[in-house]
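Worksheet: one structure, shown below.
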Amino acid sequence: MSPPNTEINANSFTDLETTYAPLDPTSSFTEATKALFDIEGRSNGNIRRSQVEARIVELENEVRVLKSYLNTATTTGRLPPEILSHIFLELSSSAPVGNSTSQRLSWVRLTHVCRHWRGVALNCPALWSNLNVAHEVWADLMLSRSKQAPLSVDLSIRETRCGPQAFKALLSKIYSHGTRLRTLKLCVSEGDMLSDFPPTVPNLQTLALTINLAYSTKAQLPAHVLAGGAPSLEHLEVVGFSLPWKVIPSTPKLRFLKLFQVSKADRLSPQFLAESIGQMPALQDLDIKNFLPPGPPAPLLTPIDLPSLQSLTSVDELPPVASFVQSCTPFQAKRIDFQMTGALPTIEAIGDFFANLANRWKNPTTDRAWAETGIQALHLKGMDSNNRKLVLEAHYRPYDPHDKSKPDLHLTLPVSKALVPKVLSAFAESFNLNTIQWLTIALNDDCLGKSWKYIAPLGSLETLYFSGGDTILGFVSSMGEKWAKSFFASTSRRSSGPGNSSGRSLFPALTTIKCRDVDFDLDRQGLGEDNANELAKLLKRWPTASPLRELHLDLCLNFTNDDYAHLQEEAPRLTIKWDGIEDISSEAEEDDDEDMYDEFMMYHNAFDDYDYDSDYF
């Protein structure tokens, strides 16, 4: 390659002068700008300076107008205001809720895109009607720009940096727009923050008032709240407050009612229930915690009628819940969730409660009691070392294990281990278990071992699912007891035809047993092999006439390849599906896991005082 030519000659300078000769700086200027240069030298410096500054402002305005005009050449710049407003409203409604202020206000950036967009946004009152940032300046701006549009307010004392007095002042400004309020959700630190609550709220549809437990566990709701009535109210939540009303103010359209309190001292009276809740014909969702009158039920002139009820939830002791159920006329709720707290109830009280619930809870489609319809799937949970409560979850509709919808009936009962068999027996007496097709067992062996004879024979059961702990071991041992052997003997003498499925045979429709997270040596006594062997013995003697054909083993502990081979050998007619994971735990490994867990909990608990992620409790 030849070296570059670095010789400089005269022609190089000629080309430079021709190509890069300086231009007249004023040649492309407007006449008004050129005139400023023409008067240079004929006026003093101050006058020239003011004239130039004025000309700069004129040119900047021209550039701004030209840029706006340029935006009209784009597709988004020519969208009609009606379409843009709809897009802006969709964007603001999809902004993150419960996150940082900057995220909740991220939609405001659209007002900085162009003049057209900003004009449309500022002339769309609905865009500024959703106030969810506790900032006084921002609130003033929103209240002004929303004009007369209905307001939706969602503010919490724990999400603001201003003090209680400033937060109260902010709320007072909002209360002054009482006739515009459509949704009002407030988390406050004291009842006094509601002292300026508007006397009338004719258009209010949703009201949620919560006391922040970081400040107080009890507060009195001011008596004037809703005293003027709320004819449009459909959703009412009162959390942490004691109620001042003798009856809930007139709310004929109310569809959702939630009443929560930490203390159990300020309970409602039976008369309150009858004259308030019993006079809400549109009520669909009722959720009460620690508010129900104590049992036994006081005689009422008129039983509580809930004709539109869809969901009934209560967290309370058994006597108040049982009293409430007994005070109601038959109701057709789609879902019931009762979580009992407090002292251990007697088995007699539990049995009476089951009987009353079974009689009053109706199927809205057939108007027959759900207890007669029959349960499709039942889950038995709880009673571990950290939770001495028995959980019963029943599905009355066709059950899909992949469907995460809530059960139709959820009951949580504080009971001792010794009472579990009797509780299940009482449940079986009031509710039809012979229709169960899916049964989940998530109870420890020592809780359920003696219960099987009370819930058998489960004539329609197709899938038996054991989850966690040593749940299947109690089942295996129970099947070796005298009562179960008689069932097996009965089954072995029957055919597997459909006409014989309703006799005294045990689990005549069972096709599949599933085990997940089951520990075959929970006590770490080296019994994993023995327990697997006991399961193999049970499956070996399982009647050949039975439709049982599959055994699933997933994520099980202390189950080995040898155990798998032994099961295949003892039960060759079964298809055994094992994930192949051998997870053998020793005491030392378990101690290490517990030490790590304890260390994590010490770190986590150190921040408990600052963890206010939920307004509820």
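Taking CZ from Phe291 and OG from Ser314, the interatomic distance works out to 11.5 Å, rounded to the nearest 0.5 Å. The OG1 atom of Thr341 sits 5.5 Å away from the CG atom of Asp316 when rounded to the nearest 0.5 Å. The CG atom of Leu283 sits 10.0 Å away from atom OG of Ser311, with the distance rounded to the nearest 0.5 Å. For the atom pair Gln332 CD and Gln310 CD, the distance stands at 9.0 Å (nearest 0.5 Å). Rounding to the nearest 0.5 Å gives a distance of 3.5 Å between OG of Ser242 and CD of Gln220. Between the CG atom of Leu309 and the CG atom of Asp285 there is a distance of 7.5 Å, given to the nearest 0.5 Å.
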Before giving the answer on side chain to side chain contact (heavy atoms under 4.5 Å, CB included), spell out for Leu411 and Val391 the whole-Å C-alpha distance, their side-chain angles and the decisive distance to 0.1 Å.
CA-CA 6 Å; Leu411 300 175; Val391 179; over 6 Å; no
The test is side chain to side chain contact (heavy atoms under 4.5 Å, CB included); show your working for Leu286 and Phe324 and say whether it passes.
CA-CA 12 Å; Leu286 178 59; Phe324 174 74; 3.8 Å; yes
Test log, rule side chain to side chain contact (heavy atoms under 4.5 Å, CB included), inputs Leu243 and Leu268
CA-CA 8 Å; Leu243 303 183; Leu268 305 178; 3.8 Å; yes
Could you please spell out the steps behind the side chain to side chain donor-acceptor pair (under 3.5 Å) verdict for Thr440 and His379?
CA-CA 4 Å; Thr440 297; His379 307 308; 2.8 Å; yes
Test Glu393 against His395 for side chain to side chain donor-acceptor pair (under 3.5 Å), laying out the working first.
CA-CA 7 Å; Glu393 294 181 349; His395 294 260; 5.2 Å; no
Taking it one step at a time, do Phe272 and Ile248 satisfy side chain to side chain contact (heavy atoms under 4.5 Å, CB included)?
CA-CA 8 Å; Phe272 182 98; Ile248 295 179; 3.3 Å; yes
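Two residues are said to be in side-chain contact when any heavy atoms from C-beta on lie closer than 4.5 Å; His86 and Glu90 meet this criterion. Between Ile288 and Thr313, every side-chain heavy-atom pair lies at or beyond the 4.5 Å cut-off. Two residues are said to be in side-chain contact when any heavy atoms from C-beta on lie closer than 4.5 Å; Leu221 and Leu209 meet this criterion. Residues Thr206 and Leu233 are not in side-chain contact: their nearest non-hydrogen atoms beyond the backbone lie 4.5 Å or more apart. Taking 4.5 Å as the limit, every side-chain heavy atom of Lys389 sits out of range of all side-chain heavy atoms of Lys381. Taking the side chain as every heavy atom from C-beta outward, Asp583 and Leu555 never approach each other to under 4.5 Å. Residues Phe331 and Leu312 form a side-chain contact, since some pair of their non-hydrogen atoms from C-beta on lies under 4.5 Å apart.
A donor-acceptor pair under 3.5 Å links the side-chain atoms of Arg335 to the main chain of Pro407, judged by distance alone. Counting only distance, with no hydrogens or angles, the side chain of Trp361 and the backbone of Ala333 share a donor-acceptor pair below 3.5 Å. In this structure, the side chain of Gln261 engages the main chain of Asn290 through a donor-acceptor pair within 3.5 Å. Between the side chain of Thr33 and the main chain of Phe29, no donor-acceptor pair closer than 3.5 Å is present. A distance-only check finds no donor-acceptor pair linking the side chain of Ser144 to the backbone of Asp140 [under 3.5 Å]. A distance-only check finds a donor-acceptor pair linking the side chain of His135 to the backbone of Val137 [under 3.5 Å].
Between Glu53 and Arg49 there is a salt bridge, since a side-chain N of the basic residue sits under 4.0 Å from a carboxylate O of the acidic one. One finds no salt bridge joining Asp287 and Lys289 here, because no Lys/Arg side-chain nitrogen approaches an Asp/Glu carboxylate oxygen to under 4.0 Å. In summary, Lys334 and Asp408 do not engage in a salt bridge, as defined by a charged side-chain N under 4.0 Å from a carboxylate O.
Annotation for His224: atom NE2 counts as buried by contact number, over 12 foreign heavy atoms lying within 6.0 Å. Within 6.0 Å of atom CD in Gln165, 12 or fewer heavy atoms from other residues, nucleotides or ligands are found, so the atom counts as exposed in its surroundings.
For Glu58, the side chain to side chain contact (heavy atoms under 4.5 Å, CB included) test picks out Arg55, with sequence neighbours left out. Partners of Tyr396 by side-chain hydrogen bond (donor to acceptor under 3.5 Å, both in side chains), not counting sequence neighbours: none found.
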Return a table of donor-acceptor pairs under 3.5 angstrom between the side chains of residues 113-127 and protein atoms on other chains or two or more places apart.
residue	atom	partner	partner atom	Å
Arg115	NE	Ser68	OG	3.4
His116	NE2	Leu79	O	3.1
Trp117	NE1	Thr76	O	3.4
Asn123	ND2	Gly119	O	2.7

Give the table of side-chain donor-acceptor pairs shorter than 3.5 Å for residues 193-201, with sequence neighbours excluded, one pair per line with atom names and distance.
residue	atom	partner	partner atom	Å
Ser195	OG	Asp192	O	2.9
Asp196	OD2	Ser172	OG	2.7

Side-chain donor-acceptor pairs of residues 179-188 under 3.5 Å, sequence neighbours excluded:
residue	atom	partner	partner atom	Å
Arg180	NE	Lys147	O	3.3
Arg180	NE	Ala149	O	3.1
Arg180	NH1	Lys147	O	3.0
Arg180	NH1	His177	ND1	3.0
Arg180	NH2	Ser146	OG	2.5
Arg180	NH2	Lys147	O	3.0
Arg180	NH2	Ala149	O	3.1

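Nearest heavy-atom pair across Asn130 and Met142 is O-CE, 3.1 Å. Of all the heavy atoms in Leu170 and Ala139, the pair that sits closest is CD1-CB, 3.2 Å. Between Ile157 and Ser189 the shortest heavy-atom distance is CG2-N, 4.0 Å. The shortest heavy-atom contact between Gln279 and Pro281 is O-CD, 3.3 Å. The two residues Thr111 and Val108 have their closest heavy-atom pair at OG1-O, 2.7 Å. Residue Leu273 comes nearest to Pro293 through the heavy atom pair CD1-CD, 3.2 Å, listed as atom of the first residue, atom of the second, then distance.
Both tests hold for Lys258 against Phe260: distance to the six-membered ring centre under 6.0 Å, angle to the ring axis within 45°.
Applying the salt bridge (Lys or Arg N to Asp or Glu O under 4.0 Å) definition to pairs two or more places apart or across chains, none involves residues 246-255.
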